[in-house]
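Notes to accompany the following structure.
Because only heavy atoms are used, hydrogens play no part in the values below, and waters and symmetry mates are left out as well, while side chains stay in.
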Amino acid sequence: MDLGIKGKVAVITGGDIGGIGHATAKILAAEGVKIAIIDKTQEPLDRAVEEVSKIGEAIGVTADLTKLDQVETAKHKILNHYGEVHMLVNAAGITGATKPFLELTDDDWWETIDVDLMIAVRVCRAFLPAMQQAGWGRVVLFTSEDALQPYTDEMPYCAAKAGVLNLTKNLSKEFAKDGILVNSVSPAYIATPMTDAMMKKRANEKNMSFDQAIETFLDEKRPHLELHRRGKAQEVAAVVAFLCSELSSFVVGANYRVDGGSVATI
């Protein structure tokens with residue numbers, strides 16, 4: 001299927017190997033999109049770019065997106081290389097502190113908000129002007145099932161992701177007139193390095209195997225995930241690719257749940 005985006009330029013944050021950003025980069029590269037991956041750590045970034053480059057054109061830029069000057073430097077490197085940007089996929093994120101509410105410090109809250117909400121703000125501010133200049137754009141921000149469904153042991157993450165959901169709707173209203181369509185995806189319990197780390201921690205704490213940690217987590221923490229498995233990064237990336245395409249030309253300010261049924265409400 002032709003997504004109508006050959007020759008466009010996409011910026012993808014959080015493109016580490018095995019993650020949703022990386023899977024998205026590969027799908028878009030296969031559609032002829034030129035890829036710029038931003039990640040914090042050089043070695044994983046190099047490996048991600050090497051894999052994507054086997055499919056299409058890709059570059060990597062190292063940046064800590066919690067630092068405004070590094071966001072600006074990354075923007076200039078990408079624009080100097082490609083000359084334009086048409087798509088932004090913000091997949092960078094952390095789980096953050098997972099503690100009971102009364103044990104959470106201000107630093108716990110600020111760290112999670114800074115990464116999971118403010119990075120989205122910073123990269124949108126950096127790259128939206130290039131899309132305005134091009135007269136065409138797609139922005140996909142990553143929220144989570146946690147934006148819609150509370151988990152009392154993940155409150156900072158839930159709050160930050162709810163903020164991204166609201167940011168998505170606001171940006172969609174401000175920039176649709178410029179031909180820029182802003183939407184979000186809400187994954188749930190996808191097999192990524194982030195959830196791998198969560199399950200390794202759970203396995204160690206409960207003296208069980210990695211597979212047992214996944215199984216018991218599904219039973220105890222995600223009872224509404226009807227498919228009773230972790231999702232695949234490619235399953236989310238396919239939805240992101242659709243939202244980046246010409247096929248989504250009437251989708252504005254929407255949130256697509258890719259959650260296996262995990263969110264219990266309508």
Side-chain angles (χ1 to χ4, degrees), residues 1-39 47-58 85-93 120 123 136-148 161 164-165 168 172 180-196 214 218 222 224-263:
M1 181 181 295
D2 183 5
L3 298 183
I5 49 178
K6 184 176 181 180
K8 302 288 189 187
V9 176
V11 175
I12 299 174
T13 73
D16 54 317
I17 294 286
I20 302 169
H22 184 236
T24 300
K26 291 197 287 187
I27 290 179
L28 293 179
E31 291 292 324
V33 176
K34 302 171 187 177
I35 306 296
I37 301 174
I38 304 176
D39 207 85
R47 289 195 293 124
V49 171
E50 183 180 1
E51 280 200 16
V52 178
S53 295
K54 295 174 183 176
I55 303 169
E57 187 174 350
V85 168
H86 306 95
M87 305 172 197
L88 171 64
V89 177
N90 184 52
V123 295
W136 190 99
R138 299 287 189 270
V139 177
V140 181
L141 302 180
F142 275 53
T143 62
S144 167
E145 61 166 326
D146 292 49
L148 303 155
K161 290 301 187 179
V164 175
L165 195 60
T168 299
S172 75
I180 303 168
L181 309 185
V182 185
N183 296 286
S184 64
V185 292
S186 291
Y189 199 41
I190 308 301
T192 65
M194 188 170 82
T195 60
D196 282 350
I214 292 172
L218 283 164
R222 298 296 185 270
H224 302 295
L225 206 161
E226 306 301 341
L227 300 182
H228 202 75
R229 65 170 173 86
R230 285 202 296 175
K232 301 173 184 177
Q234 296 90 333
E235 291 173 313
V236 185
V239 176
V240 177
F242 161 71
L243 290 173
C244 286
S245 76
E246 285 285 11
L247 301 180
S248 66
S249 56
F250 203 61
V251 181
V252 183
N255 178 49
Y256 277 61
R257 298 179 186 174
V258 191
D259 64 5
S262 188
V263 175

Checklist entry - How close do Ser144 and Lys161 get, heavy atom to heavy atom, and via which atoms? => result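 Taking Ser144 first and Lys161 second, the nearest heavy atoms are CB-CG, 3.9 Å.
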Next on the checklist: I need the minimum non-hydrogen distance between Arg138 and Ile180, along with the two atoms involved.
Outcome noted: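 Closest heavy-atom pair between Arg138 and Ile180: N-CG2, 4.5 Å.
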Taking side-chain hydrogen bond (donor to acceptor under 3.5 Å, both in side chains) as the test, write out the residues that go with [X], two or more places apart.
{"X": "Thr24", "answer": "none"}
{"X": "Thr168", "answer": "none"}
{"X": "Asp259", "answer": "none"}

Expected list for residues 233-247: side-chain donor-acceptor pairs under 3.5 angstrom, two or more places apart:
| from | atom 1 | to | atom 2 | distance (Å) |
| --- | --- | --- | --- | --- |
| Glu235 | OE1 | Arg229 | NH1 | 3.2 |
| Glu235 | OE1 | Lys232 | N | 2.8 |
| Glu235 | OE2 | Arg229 | NH2 | 2.9 |
| Ser245 | OG | Phe242 | O | 2.7 |
| Ser245 | OG | Leu247 | N | 3.0 |
| Glu246 | OE2 | Trp136 | NE1 | 3.2 |

Results of side chain to side chain contact (heavy atoms under 4.5 Å, CB included) for [X] - residues two or more places apart only:
{"X": "Ala29", "result": "Ile35, Val52, Ile55"}
{"X": "Glu51", "result": "Ile17, His22, Lys26"}
{"X": "Asn255", "result": "Thr143, Leu148, Leu165, Ser184, Ser186, Arg257"}

Item to check | Any Phe250 side-chain heavy atom under 4.5 Å of Leu181 side chain | outcome: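 Of all side-chain heavy-atom pairs linking Leu181 with Phe250, none is under 4.5 Å.
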Next on the checklist: Any non-hydrogen side-chain atom of Met194 less than 4.5 Å from a side-chain atom of Ile20?
Outcome noted: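 Not touching, per the 4.5 Å side-chain cut-off.
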Next on the checklist: Can a donor-acceptor pair be found, under 3.5 Å and without considering hydrogens, that links the side chain of Asn183 to the backbone of Val251?
Outcome noted: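 At least one qualifying donor-acceptor pair exists.
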Item to check | Ser172 (side chain) donor-acceptor with Val252 (main chain) under 3.5 angstrom | outcome: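 Checking the backbone N and O of Val252 against the side chain of Ser172, no donor-acceptor pair under 3.5 Å is found.
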Would you list the atom pairs, donor with acceptor, under 3.5 Å between side chains in residues 5-15 and any protein atom, with sequence neighbours excluded?
| from | atom 1 | to | atom 2 | distance (Å) |
| --- | --- | --- | --- | --- |
| Thr13 | OG1 | Asn90 | OD1 | 2.6 |
| Thr13 | OG1 | Ala91 | N | 3.1 |
| Thr13 | OG1 | Ala92 | N | 3.2 |

Checklist entry - Mind checking what makes ring-ring contact (aromatic ring centres under 6.0 Å, His included) contact with Tyr189, not counting sequence neighbours? => result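 Once residues adjacent in sequence are excluded, the partners of Tyr189 under the ring-ring contact (aromatic ring centres under 6.0 Å, His included) criterion are Phe217.
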